[in-house]
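Everything below concerns the one structure shown next.
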Amino acid sequence: MEMFIERASSFAGDIDRLILVVAIIGGAWLLLAEAVLFFLIFRFSEKRNPKAQYLSGESHEESKWVHWPHYVVIVCDLIIIGFAVQAWYKVKQDLPRAQDTVKVVAQQWAWTFVHSGPDGKLDTEDDITTVDELHLRVNTTYHFKLESQDVLHSFSINVFRLKQDAVPGRTITGWFEPTKVGEFDIQCAEMCGIGHGLMPAKLFVHSAKDYMAWMNGDLTAQVQNQDDSQGLTKLKVSSR
Amino acid sequence: MASDAHHENQSIWSKYVFSTDHKVIGMQYMFTGLFMGLLGAFLVYVFRMQLAFPGQPVPGYGLVSPGEYNALVTNHGTIMIFWLAMPLLIAAFGNFLIPLMIGADDMVFPRINRLSYQIFLLSALVLIASFFVPGGAFGGAWTAYPPLSAQSKYSLTPLGSVFWLVAVALEFVAFLLGGINFIVTLMNARTKGMKMFDIPIVLWMIVLASIIFMASVGPLIAGAVMLLFDQLFGVGFFDPTKGGDPVLWQHLFWFFGHPEVYVVLLPAMGIVAEVISVFSRKKLFGYKTIVGTAIGTGILSFFVWAHHQFVAGIDPRMANVFTITTVLISIPIAEMMFVYIATLYGGSIRLTTPMLFALGFLAEFLIGGVTGLFLGASGADIYFHDSYFVVAHFHYTFVPIGIIATFAGIYFWFPKMFGRMMNETLGKVHFWGTILGFNGIFIPLFILGTSGQHRRIYSYENFPELATQGMQNLRVFATMSLILMLVSQIPFAWNFFYSMFKGEKAPKNPWNSNTLEWTAESPPPHGNWSEFPTVYRSPYEYSVPGRAKDFWPQNEPT
Amino acid sequence: MSFKPHATTRDVTGIPTGKLAVWWVIGSEIVIFGGLLGSYIMARIFHGDGFAQEAAHTNTFIGAINTFWLLSSSLSIVLAHHAAEKGDSKKAFKFIWLTVLGGLMFLCFKGYEWIHEIHEGFTIGRSLFWSFYYTAAGLHGLHVIAGMVIMAIISIDVRKKQNMHRVELIGIYWHFVDIVWIFLFPLLYIAK
């Protein structure tokens, strides 16, 4: 998977491993089935086999050729299910203790992020609010609190292998731990109106030192969040 | 008496427009469906051109705004499923074939049949009207999740949303009415001697599909009424500010939405079964297995729906249940595919155009089926949900179903429908162009999806990870392949209409097939036969050892 | 032009075609109402904080009377069927119209009930409970109207001693409409 997109979270590896397992099992079956299909098309062309056989497929002698692969499919399915449940549990059911929390608010058509600020606690005076920019410290376990102001949106960070729909009327909690410093894309992953393609956000994962620097630069920052349900432009103000 | 002289001197109106004859109604569904398919194709042409050349005016359309882009993708999906795949696979083939293949003169309720088409036509007109209303067509995706779809302050398409919803609801009513005819006719109107396991597989499949449709669409009809009330009367069924729940719609939608894919898959597989047995001169392998797995798949399909909602905010524990059922549903489908492939073993395969399309279905649907595993495995779906991987997966299922298998059926039954043969060379050109184009569109989309590209976004210029030259090249390649696929339909259109009038006259049974429709004239008259056939055996007695001919029609006395 | 194909007269399953058709229609209707009522039940269980308070305002008395109208009209359609079986078209005609009358009384009482409720401010948009209330009862009411219309049309043929078998078929449909009400009544009126 790294061939396609890098890994930047602690559970990206689990998800990529599941994808690899499915790719190997599914890929093997696909190649086998296609090979058999094409082989039969050529081997039993009218030219090579002018008179067809008469096989009903009802007798055990004949049907076993379908039943045995069928049983192997069941086993493969169970393997896939095992890896799937494991990866799912890690990301969606488990909730490791939070070292920090961030609030994510989706709306037509912008993302507002509320960082806990120097005191490390959300909903306090020193929270840092930004629009369309999420700043995280690497190797820190975060909880996110996801909300929507209007319609369904979805919080998606590809490099984390993270996705969660934002449902109006609810606050949904999830977690992640960034493992790589860098600048990454955040996308909205649920149709939310004409501005759906116009609400990209930026993810900044900082080293501990850089994160401190960013935070201090923001102690006195004021943020304007332009709620614009008609227009497609939004004012993005965040001082660093 | 089978055919009725009473109908000889009819006006154009009663013979073609207001006909109750199942063959005419089948044709009405077919032509309407093909026309709507053209419309759906135009929509995808426009938005794929926008993706390949963002911000450039599209030839034949103009500039594509973000709002228009959403309306294009929404209606492309909606049209292709409800106004192309379903009408062709179920209503066109179902209407044309059921009475002919069971030795009956018509459906049991011809006037209800006619009514179903009229409601269907109305639904298509309402959908088309939605493009011309103030505010524009609905753009909330074919899944129409509220609150976006419920409130015009969010969707900005106050009329478009309503028209879209009403059109879909009318289509549902049309198919419920049609379904009554299909099910009751197959159950009750079979000719003398046709026992349950003498019924051709395609009819089993069409009727099973009708049953699955009827059983699954109810909650969504209820949901559609609820959504309509939200839209029109400001009610809050799906509005959290009024005590409602947006996720309720999703459950109602997908409880139908998932069985729906099998509603279209089963008839497609039915068509493929008929074609591959005729053109490999082989008895269908495991007839009873096919019926059993079709029923099993149908039942299981009611228990997998929430795999569309893994990240939607459902209880995470529920996801485990649905990942298990979803991955396990691959079992009956895989078995069906194995049985079809096994039918080819020992055959004497003739690669006629219908056969090419039927084999093409198998080769392409295998890819669709296997890629579904990535999405059914909940952990992987966290990544793949809403990406182009999903788009590529469902096109590798839907295109084989709604286009490839449909063409197999059209080429196969054209001689019976119109009394003339289609041109084989043009057919092969059509086939290869379609297949090449199709794969050229969606293999790049698998790559783009795996690289993180999300759906329903009008331009990737704003997303640095996705705005690389390499990815843009893939988008352009996909669009060019679409052009190839669309251009390849021209030989088909020419072939189809020219052959209808000037093609070589077709005998009763050009393919040496066993089933009953081939014993009627090409095309069959009103009433189908002057004397109804009697059935003596199953439909797939090909290459029976010891017999001179390699086929043994169902109606030939022993 | 009423051309009846030979196909309509066949009955390989042993069950007359009309009856098969009615049962399939009922099947699809069960899923529609099932979906609606299922949604109501789920909403009440998971989001139903205010439901009991709102539901207190439904008129159980009228609901009970309406139950009586529907149950008794189900009896009259059974009697109509019985008469039709015996070939007594005059009696069948009478009982069909008695059934229609029962439906009409149901609708009148419901109309009075709704007008009163709307006047008091219990409108469809007032709360989720009332949204379900009007939608479910409204959809049911539409089916009552449809049943009455079909009965009226069938009665015309019955009077001429034609298509007598259709009395049983509309009777099956009418019983279904009745049964839906049997579910609606406790869900909307009794569960307070």
Side-chain angles (χ1 to χ4, degrees), chain A residues 4-5 15 18-19 22 26 29-30 33-34 36-37 40-41 44-46 49-57 63 65-66 69-70 73-74 77 80-81 84-85 87-88 91-93 150-152 154 158 161 163-165 167-170 172 185 187 189-194 196-198 200, chain B residues 66-67 70 140-141 145 147-148 154 156 240 246 281-283 285-286 311-313 316 319-320 323-324 327-328 330-331 334-335 338-339 341-342 344-350 362-363 366 370 373-374 377-380 382-383 385-386 450-452 454 456-459 462-463 465 543-545:
Chain A
F4 293 95
I5 177 157
I15 296 199
L18 167 61
I19 294 175
V22 176
W29 274 108
L30 178 65
E34 299 279 9
V36 170
L37 174 64
L40 293 177
I41 294 174
F44 293 105
S45 66
E46 181 182 12
N49 196 37
K51 179 132 173 83
Q53 292 178 35
Y54 182 81
L55 302 162
S56 74
S63 64
W65 286 99
V66 169
H70 183 220
V73 166
I74 297 178
D77 279 351
I80 292 174
I81 289 172
V85 170
W88 175 264
V91 180
K92 292 288 182 180
Q93 288 183 250
D150 38 43
V151 299
L152 292 167
S154 189
N158 288 325
R161 312 290 187 269
K163 192 173 292 115
Q164 177 54 55
D165 281 10
V167 182
R170 292 196 211 181
I172 297 178
D185 286 355
Q187 296 187 46
E190 185 55 57
M191 174 63 98
C192 59
I194 66 181
H196 174 57
L198 287 150
Chain B
N70 290 353
Y145 286 179
L148 181 67
Y154 296 139
L156 307 178
R281 312 312 289 159
K282 260 208 76 195
K283 185 171 174 127
F285 192 94
V311 297
N320 295 312
T323 208
I324 292 171
V327 173
L328 291 181
S330 65
I331 296 173
E335 186 159 21
F338 294 158
V339 165
I341 295 175
L344 298 171
Y345 179 89
S348 179
I349 298 171
R350 296 98 209 271
L362 292 174
L366 278 170
V370 166
L373 285 170
F374 289 95
S378 49
I382 299 175
Y383 179 68
H385 172 75
D386 190 70
T450 310
S451 308
H454 276 55
R456 301 160 170 170
I457 290 181
Y458 80 112
S459 163
N462 295 324
F463 300 89
E465 275 165 26
S543 306
V544 179

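In what follows, chains carry the letters A, B, and so on, assigned in the order in which the sequence lines appear, proteins first and then strands, with residues in each chain numbered from 1.
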What is the distance from atom OG of S63(A) to atom CZ of F285(B), rounded to the nearest 0.5 Å? 6.5 Å
Over all atoms of both residues, closest heavy-atom pair of F4(A) and S451(B): CD2-OG, 3.7 Å
Taking side chain as everything from C-beta outward and backbone as N, CA, C, O, which of these in V167(A) sits under 4.5 Å from a heavy atom of chain B? Side chain, backbone, both or neither. side chain
Minimum heavy-atom distance between A342(B) and V66(A), given as atom pair plus value: CB-CG2, 4.2 Å
With side chains defined as the heavy atoms from C-beta onward, is the minimum distance between E335(B) and V73(A) less than 4.5 Å? no
Test your reading of the model: is there a side-chain donor-acceptor pair from Q187(A) to the backbone of F463(B), 3.5 Å cut-off? no
Please flag which part of L152(A) lies under 4.5 Å from any non-hydrogen atom of chain B: side chain, backbone, both or neither. both
Contact origin within W65(A) toward chain B - heavy atom pairs under 4.5 Å: neither
Does a donor on one side chain sit under 3.5 Å from an acceptor on the other, for Q93(A) and N320(B)? yes
Side chain, backbone, both or neither: which part of I80(A) has an atom under 4.5 Å from a heavy atom of chain B? side chain
Flag the one option from A319(B), S378(B), A334(B), A380(B) with the top tally of heavy-atom pairs under 4.5 Å to chain A. S378(B)
For Y345(B), is the OH atom crowded, meaning more than 12 foreign heavy atoms sit under 6.0 Å from it? no
Spatial distance of atom CE (M191(A)) from atom NE2 (H454(B)) [nearest 0.5 Å]: 13.0 Å
Looking at CG of N462(B) and CG of L198(A), how far apart are the two atoms once the value is rounded to the nearest 0.5 Å? 6.0 Å
At a heavy-atom separation under 4.5 Å, does P168(A) approach chain B through its side chain, its backbone, both, or neither? both
Set of salt bridge (Lys or Arg N to Asp or Glu O under 4.0 Å) partners for D185(A), sequence neighbours left out: K202(A)
Based on non-hydrogen pairs under 4.5 Å, which of A312(B), G140(B), A141(B), G67(B) is most in contact with chain A? A312(B)
Between Y145(B), Y458(B), Y383(B), the one whose heavy-atom pairs under 4.5 Å with chain A are most numerous: Y383(B)
Minimum heavy-atom distance H196(A)-R456(B), with the two atoms named: CD2-O, 3.1 Å
Scan side-chain atoms only and decide if S330(B) and D77(A) contain a donor-acceptor pair under the 3.5 Å cut-off. yes
Mind ranking L366(B), I341(B), I457(B) by heavy-atom pairs under 4.5 Å with chain A and telling me who comes out on top? L366(B)
Is the closest side-chain heavy-atom distance between K92(A) and V311(B) below 4.5 Å? yes
Which pair of non-hydrogen atoms, one from P316(B) and one from W88(A), has the smallest distance, and what is that distance? O-NE1, 3.0 Å
Side-chain donor/acceptor of N49(A) to backbone N/O of I349(B), under 3.5 Å: no
Atom group of L37(A) that falls short of 4.5 Å from chain B, counting heavy atoms: both
Of all heavy-atom pairs between I382(B) and K163(A), which one has the smallest distance, and what is that distance? O-NZ, 2.7 Å
Indicate the atoms forming the closest heavy-atom contact of K283(B) with S56(A), along with that distance. CE-CB, 3.6 Å
Top contributor to chain A contacts, counting heavy-atom pairs under 4.5 Å, from P545(B), P240(B), A377(B), G346(B): G346(B)
Which one wins on heavy-atom pair count under 4.5 Å against chain A: G313(B), P246(B), G347(B)? G347(B)
